[in-house]
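What follows is a single structure, written as structure tokens, with notes after it.
All values derive from a computational prediction rather than experimental measurement.
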Amino acid sequence: DVTEGTIEREELIDEIIEKNLKDDININKTDKILMIIIHAAIYELLFKHNNSIRVIISEYLKTAEVFLEKGKIAYLNAILDKISKILRKS
């Protein structure tokens, strides 16, 4: 569901990244695994409103521990925190 939805909405997610995170992320130069994680998290923030921001970020950070070094996990945390506040204004 998340994988399919992320792939189907890749252009929308790229537009959101370009609009809101252009000073933080270069889509073409950022690590591919990091970008996949960011895309999936943004998809969930946009379309899975039953999941809290805290749970979404926590789950993606746990997943990232398997694939990324600690510095990139901290960077991912900052990116997800920033984009979650933009996408889910409450």
Side-chain angles (χ1 to χ4, degrees):
D1 185 39
V2 172
T3 303
E4 216 172 277
T6 301
I7 292 168
E8 289 173 358
R9 293 172 179 87
E10 184 177 11
E11 284 183 33
L12 170 66
I13 294 168
D14 283 342
E15 289 172 15
I16 289 168
I17 291 170
E18 185 62 34
K19 179 181 177 189
N20 298 291
L21 300 170
K22 66 181 173 210
D23 295 333
D24 304 299
I25 297 176
N26 180 327
I27 291 176
N28 298 319
K29 292 184 179 180
T30 300
D31 182 280
K32 295 291 182 197
I33 292 176
L34 180 59
M35 286 306 301
I36 290 167
I37 294 169
I38 291 169
H39 273 78
I42 289 174
Y43 171 82
E44 281 205 50
L45 289 166
L46 287 170
F47 299 106
K48 301 291 183 181
H49 293 280
N50 291 337
N51 300 342
S52 74
I53 292 171
R54 207 165 95 204
V55 168
I56 291 170
I57 292 174
S58 175
E59 291 301 314
Y60 282 98
L61 293 176
K62 284 180 193 172
T63 300
E65 288 175 3
V66 176
F67 300 103
L68 303 172
E69 56 201 42
K70 287 187 179 190
K72 287 186 180 178
I73 294 170
Y75 173 71
L76 175 64
N77 188 34
I79 292 295
L80 296 181
D81 185 57
K82 179 177 181 177
I83 198 67
S84 69
K85 290 175 183 172
I86 293 167
L87 296 178
R88 292 226 189 145
K89 296 175 188 168
S90 45

Which atom of Lys72 lies closest to which atom of Leu34, heavy atoms considered: O-CD1, 4.4 Å
Side chain to side chain donor-acceptor pair (under 3.5 Å) against Asn26, all qualifying residues, sequence neighbours excluded: none
Partner of Thr6 by side chain to side chain contact (heavy atoms under 4.5 Å, CB included), out of Leu46, Ile42, Ile13: Ile13
Audit row: Phe67, Ile36, side chain to side chain contact (heavy atoms under 4.5 Å, CB included) steps and yes/no: CA-CA 11 Å; Phe67 300 103; Ile36 290 167; over 6 Å; no
Contacts of type side chain to side chain donor-acceptor pair (under 3.5 Å), residue Asp14, not counting sequence neighbours: His39
Leu76 side, atom CG; Met35 side, atom CE - distance, nearest 0.5 Å: 10.5 Å
Interatomic distance, Glu18 atom CD to Asn20 atom CG [nearest 0.5 angstrom]: 10.0 Å
From Ile17 atom CD1 to Glu10 atom CD, the distance as rounded to the nearest 0.5 Å: 9.0 Å
Tyr60: which of Val55, Ile38, Leu80, Asn77 passes side chain to side chain contact (heavy atoms under 4.5 Å, CB included): Leu80
Spacing of Asn51 atom CG and Glu44 atom CD [to the nearest 0.5 Å]: 5.5 Å
Euclidean distance, Leu21 CG relative to Ile79 CD1, rounded to 0.5 Å: 5.0 Å
Backbone N/O of Asp81 and side chain of Ser84: donor-acceptor pair under 3.5 Å: yes
Transitive ILVMFWY side-chain link Ile86 to Ile53, under 4.5 Å: yes
Gap between atom CD1 of Ile27 and atom NZ of Lys32 - 0.5 Å precision: 9.5 Å
Smallest separation among heavy atoms of Ile83 and Leu45, with atom names: CG2-CD1, 3.9 Å
Any donor-acceptor N/O pair, Arg9 side chain to Tyr43 backbone, under 3.5 Å: no
Residue pair Arg88 / His49: nearest heavy atoms and the distance that separates them: NH2-CA, 3.6 Å
